[in-house]
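Quick note: numbers below take in every heavy atom, side chains included, and nothing from hydrogens, waters or symmetry partners. Computed from a prediction, not measured in an experiment: that's the story for all the values here.
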Amino acid sequence: MSNSELDIEFLDAVNRVNAHTDPFPADTLLKLYAYYKRATNDYGKPRSKKPIINAFKTNALFQTENITEDEAKQEYINLVNNYFLYRK
């Protein structure tokens, strides 16, 4: 897959997530957050008002620290596709 195809699929997956109105499971949200941050090279601090949420987000980011931006995009796409395929 070329970089432009990957970028298009990634943006499509992001749009699917943003358009989804039902709540995601917490573990899925954390993975989406970490892959998105890694894929977009956005390493700003988590900005939740609750310290425990920031801790979970930081931990999720640490778990993705050894993957590239393109790998993070592909993982995000896979997670979104699997979520929508298997949800009830």
Side-chain angles (χ1 to χ4, degrees):
M1 178 181 304
S2 72
N3 279 347
S4 63
E5 290 173 327
L6 181 63
D7 289 341
I8 290 168
E9 278 197 48
F10 175 69
L11 291 176
D12 182 51
V14 170
N15 289 333
R16 286 177 74 189
V17 168
N18 289 336
H20 187 62
T21 57
D22 293 333
F24 286 95
D27 62 328
T28 301
L29 273 177
L30 286 170
K31 288 177 186 176
L32 288 170
Y33 171 83
Y35 290 139
Y36 180 85
K37 290 290 195 173
R38 186 72 54 200
T40 59
N41 203 18
D42 178 3
Y43 301 114
K45 287 184 174 182
R47 293 179 280 240
S48 175
K49 293 181 181 181
K50 297 181 180 181
I52 190 71
I53 301 296
N54 289 331
F56 282 123
K57 287 181 174 182
T58 300
N59 183 49
L61 285 171
F62 280 132
Q63 292 178 29
T64 63
E65 70 183 342
N66 292 322
I67 64 174
T68 67
E69 289 177 30
D70 286 347
E71 289 170 331
K73 288 177 184 178
Q74 188 61 59
E75 289 298 326
Y76 187 98
I77 292 164
N78 294 343
L79 182 60
V80 170
N81 288 341
N82 286 334
Y83 176 80
F84 285 108
L85 180 64
Y86 293 113
R87 74 183 181 100
K88 294 179 181 179

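- Val17 and Leu30 fall into different hydrophobic clusters, where Ile, Leu, Val, Met, Phe, Trp and Tyr residues are linked whenever their side-chain heavy atoms come under 4.5 Å apart, directly or through other members.
- Contact check for Ile53 versus Pro46: no side-chain heavy atoms found under the 4.5 Å cut-off.
- A distance of 11.0 Å separates CG in Asn54 from NZ in Lys50, rounded to the nearest 0.5 Å.
- Around atom NZ of Lys31, no more than 12 heavy atoms belonging to other residues, nucleotides or ligands sit under 6.0 Å away.
- In the hydrophobic cluster analysis, where Ile, Leu, Val, Met, Phe, Trp and Tyr join through side-chain heavy atoms closer than 4.5 angstrom, Phe84 is grouped together with Tyr36.
- Here the CG atom belonging to Asp70 is positioned 5.0 Å from the CG atom belonging to Asn3, to the nearest 0.5 angstrom.
- Annotation: side-chain contact (heavy atoms from CB on, under 4.5 Å) contacts of Asn82 (sequence neighbours excluded): Tyr86.
- Smallest separation of non-hydrogen atoms from Ala60 and Ala34: O-CB, 3.4 Å.
- Legend: ring pair (Phe, Tyr, Trp, His ring centres under 6.0 Å) pairs involving residues 48-78, not counting sequence neighbours, sorted by first then second residue: Phe10-Tyr76.
- The closest side-chain heavy-atom distance from Leu32 to Val80 is below 4.5 Å.
- Sequence neighbours left out, the pairs with a member in residues 7-20 that pass side-chain hydrogen bond (donor to acceptor under 3.5 Å, both in side chains) are Asp7-Lys73, Arg16-Asn81.
- Under a hydrophobic clustering in which Ile, Leu, Val, Met, Phe, Trp and Tyr are joined whenever their side-chain heavy atoms come within less than 4.5 Å, directly or via other members, Leu79 and Phe24 fall into the same cluster.
- Rounding to the nearest 0.5 Å gives a distance of 9.5 Å between CG of Leu11 and CG of Leu6.
- In the hydrophobic clustering (ILVMFWY side chains linked at under 4.5 Å, chained through shared members), Leu61 is joined by Tyr33.
- For the atom pair Thr68 OG1 and Asn41 CG, the distance stands at 11.0 Å (nearest 0.5 Å).
- Residues forming a side-chain contact (heavy atoms from CB on, under 4.5 Å) with Ile67 (at least two apart in sequence, or on another chain): Tyr35, Arg38, Thr64, Glu71, Ala72.
- Take Asp42 and apply the side-chain contact (heavy atoms from CB on, under 4.5 Å) test, not counting sequence neighbours, and it matches Lys37, Thr40.
- To the nearest 0.5 Å, atom CD1 of residue Ile52 and atom NZ of residue Lys57 are 12.5 Å apart.
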